[in-house]
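Below is one structure, written out as structure tokens; the observations come after it.
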Amino acid sequence: MSSNISNTTHLGAHFLPDVHTTTKLESAKCSYEPKFRFREQPQLCKYPKTQHLKIAIAEKIEKKEYFYGIEILARSYNSKLVLDYTKFGKMLPLFTSIVWLGLDYSRITNVEKVGSVRVAKKLKDKQHEMLIAPHLSCYGLDTKRLNEFIKLNFTNIVIVRGDQYDNEQEFKYASQLVAQIKRECQDSITIAVAGHPEGHPSISTMQEDMKFLVEKISVGADLIITQVCFNAQSLIDFIKTCRLNSINIPIILGIFVPDNIKSLLFLMELTKIEMLPEDLEQYRYYAEKGKDEFRFFAAQKVTQMILTVLEAENVNIYGIHFFTMNKFGMVTKVLEELRKYIKI
């Protein structure tokens, strides 16, 4: 593997370390797998009979039912962290995706010992009906390792190019990885890919970025999860542009809800995604007023953005995917707000 690595590649909020613990990233000894909590009795919304996310989502859309998923990290720097699924209320997430940390996981010889794979299996063992979608990055991946991953028999997968990139890696683009998996697995696996509402920072124009997205769809992607965006109109325009380019597969809104100003600013720096100056000023204002005021404002702000997209004409979006960063609190606040207007 060449050392000619660029770290500017961005795929949204797939990895957001705690702003106070970024120095710990290189040390696996400092990290722990999160623990999980579920209710003993099933919550009101049962999981679908199918394990295929594309089928489950198609059924939701056909019935015009809203749904959501969550994205989690397979590591924590808090040994006592418990990701509590009982906090989501009556309706559970339709699916859970697990972030792939390319630079770290490429160093692990046995793919079964990769953190996100272990956590995906753990969740599956605990909740047999839960739809699980581990991520897989192009970085450090070759055909042999890909085949080892495929043999793990996950039914759903989220393909990303990755936050790290090497000029000599075998799969240089997500579309190449999607095509290879499709050749090997045919329709036995659901493949989700990333969509960038305001364009990928490494690509000069939205038109070029859309061309790459069309290619990912043409070789077999089944779903699109939009990456971090703070502007409802950008999301609406992106969805409509997809449809104009004959992209008719389901599009799910990727949503980040900040719980403090530092994490928001860090995410914006990491992803190179900008926010309207007046919106950022509002976040700064409420940050000065205190933690509770900031969180209340953030939940209201994000809820309004989501509703604006859901209610837009000729958009027909029913799915939301929360980038939780292993913090469920802000997600549940937004769900509480959304439930005042829609059934989710």
Side-chain angles (χ1 to χ4, degrees), residues 9-14 52-69 71 94-95 97 133 135-136 138 156-162 171-183 185-187 189-229 231-255 271 273 305-306 308-321 323:
T9 303
H10 135 269
L11 278 178
H14 283 300
H52 282 277
L53 191 54
K54 60 186 173 185
I55 297 176
I57 288 177
E59 291 174 352
K60 289 285 188 182
I61 293 174
E62 184 178 6
K63 297 176 183 178
K64 297 185 177 181
E65 294 178 352
Y66 295 106
F67 63 91
Y68 71 100
E71 176 185 282
L94 179 65
F95 67 102
S97 71
H135 295 200
L136 183 63
C138 293
N156 311 292
I157 185 173
V158 179
I159 296 298
V160 298
R161 182 181 175 185
F171 298 98
K172 293 181 170 56
Y173 303 102
S175 59
Q176 296 172 327
L177 185 50
V178 171
Q180 181 64 20
I181 293 173
K182 202 67 177 180
R183 282 193 292 268
C185 302
Q186 302 297 315
D187 291 328
I189 193 168
T190 292
I191 302 175
V193 295
H196 304 275
E198 295 177 312
H200 194 293
S202 68
I203 298 175
S204 57
T205 66
M206 284 292 294
Q207 290 79 7
E208 185 181 8
D209 195 46
M210 185 57 60
K211 182 185 73 173
F212 285 118
L213 181 59
V214 169
E215 186 174 354
K216 286 189 283 188
I217 308 310
S218 68
V219 296
D222 300 293
L223 310 167
I224 295 170
I225 300 175
T226 66
Q227 299 307 281
V228 173
C229 180
N231 188 302
Q233 191 58 52
S234 294
L235 285 163
I236 293 167
D237 291 344
F238 171 77
I239 295 162
K240 290 184 175 180
T241 301
C242 284
R243 301 316 186 204
L244 288 173
N245 281 273
S246 300
I247 297 176
N248 297 313
I249 63 174
I251 299 173
I252 303 169
L253 300 181
I255 298 296
T271 63
I273 296 299
M305 181 180 75
I306 293 170
T308 299
V309 177
L310 298 184
E311 294 169 359
E313 188 176 1
N314 298 323
V315 167
N316 299 320
I317 295 296
Y318 294 93
I320 304 163
H321 192 48
F323 304 127

Could you pull out the closest heavy-atom pair between [X] and [Y], with the gap in Å?
X: Gly199; Y: Asp209; value: CA-OD2, 3.5 Å
X: Gly220; Y: Val178; value: C-CG1, 3.9 Å
X: Cys229; Y: Met305; value: O-CE, 3.6 Å
X: Tyr318; Y: Glu65; value: CB-O, 3.6 Å

Q | Contacts of type side chain to side chain contact (heavy atoms under 4.5 Å, CB included), residue Cys138, not counting sequence neighbours | A |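 For Cys138, the residues satisfying side chain to side chain contact (heavy atoms under 4.5 Å, CB included) (neighbours in sequence not counted) are Gln169, Phe171, Leu177.
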Q. Partners of Lys182 by salt bridge (Lys or Arg N to Asp or Glu O under 4.0 Å), sequence neighbours excluded?
A.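 Testing Lys182 for salt bridge (Lys or Arg N to Asp or Glu O under 4.0 Å), a comparison that skips the adjacent residues, returns Asp187, Asp222.
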Q. Quick one: salt bridge (Lys or Arg N to Asp or Glu O under 4.0 Å) partners of Glu215, sequence neighbours excluded?
A.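 With neighbours one apart ignored, the set is empty.
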Rounded at 0.5 Å granularity, tell me how far [atom1] in [X] sits from [atom2] in [Y].
X: Thr190; Y: Leu53; atom1: OG1; atom2: CG; result: 5.5 Å
X: Ile159; Y: Ile181; atom1: CD1; atom2: CD1; result: 3.5 Å
X: Ser234; Y: His196; atom1: OG; atom2: NE2; result: 14.0 Å
X: Ile236; Y: Leu310; atom1: CD1; atom2: CG; result: 9.5 Å
X: Ile57; Y: His52; atom1: CD1; atom2: NE2; result: 13.0 Å
X: Glu198; Y: Met206; atom1: CD; atom2: CE; result: 8.0 Å

According to side chain to side chain donor-acceptor pair (under 3.5 Å), who are the partners of [X], at least two apart in sequence or on a separate chain?
X: Gln233; result: Asp237
X: Ser97; result: His135, His321
X: Gln180; result: Arg183, Glu184
X: Thr308; result: Gln304

(Q) Apply side-chain contact (heavy atoms from CB on, under 4.5 Å) to residues Ile239 and Val309 and explain how you reach the verdict. (A) CA-CA 10 Å; Ile239 295 162; Val309 177; 4.0 Å; yes
Q) Does the side chain of Met210 come within less than 4.5 Å of Phe238's, by heavy atoms? A)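 Yes, at least one pair of side-chain atoms sits under 4.5 Å.
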Q) Any side-chain heavy atom of Lys216 sitting closer than 4.5 Å to one from Tyr173? A)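 No, their side chains stay 4.5 Å or more apart.
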Q. Please walk me through it: do Phe95 and Asn156 pass side-chain contact (heavy atoms from CB on, under 4.5 Å)?
A. CA-CA 10 Å; Phe95 67 102; Asn156 311 292; over 6 Å; no
Q: Apply the side chain to side chain contact (heavy atoms under 4.5 Å, CB included) test between Val193 and each candidate in Ile225, Ile217, Val219; give the one that qualifies.
A: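 Passing option: Ile217.
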What side-chain donor-acceptor pairs closer than 3.5 Å can you find for residues 244-255, not counting sequence neighbours?
{"from": "Asn245", "atom 1": "ND2", "to": "Thr241", "atom 2": "O", "distance (Å)": "2.8"}

Q | Results of ring-ring contact (aromatic ring centres under 6.0 Å, His included) for Phe67 - residues two or more places apart only | A |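 If we apply the ring-ring contact (aromatic ring centres under 6.0 Å, His included) test to Phe67, skipping adjacent residues, there are no hits.
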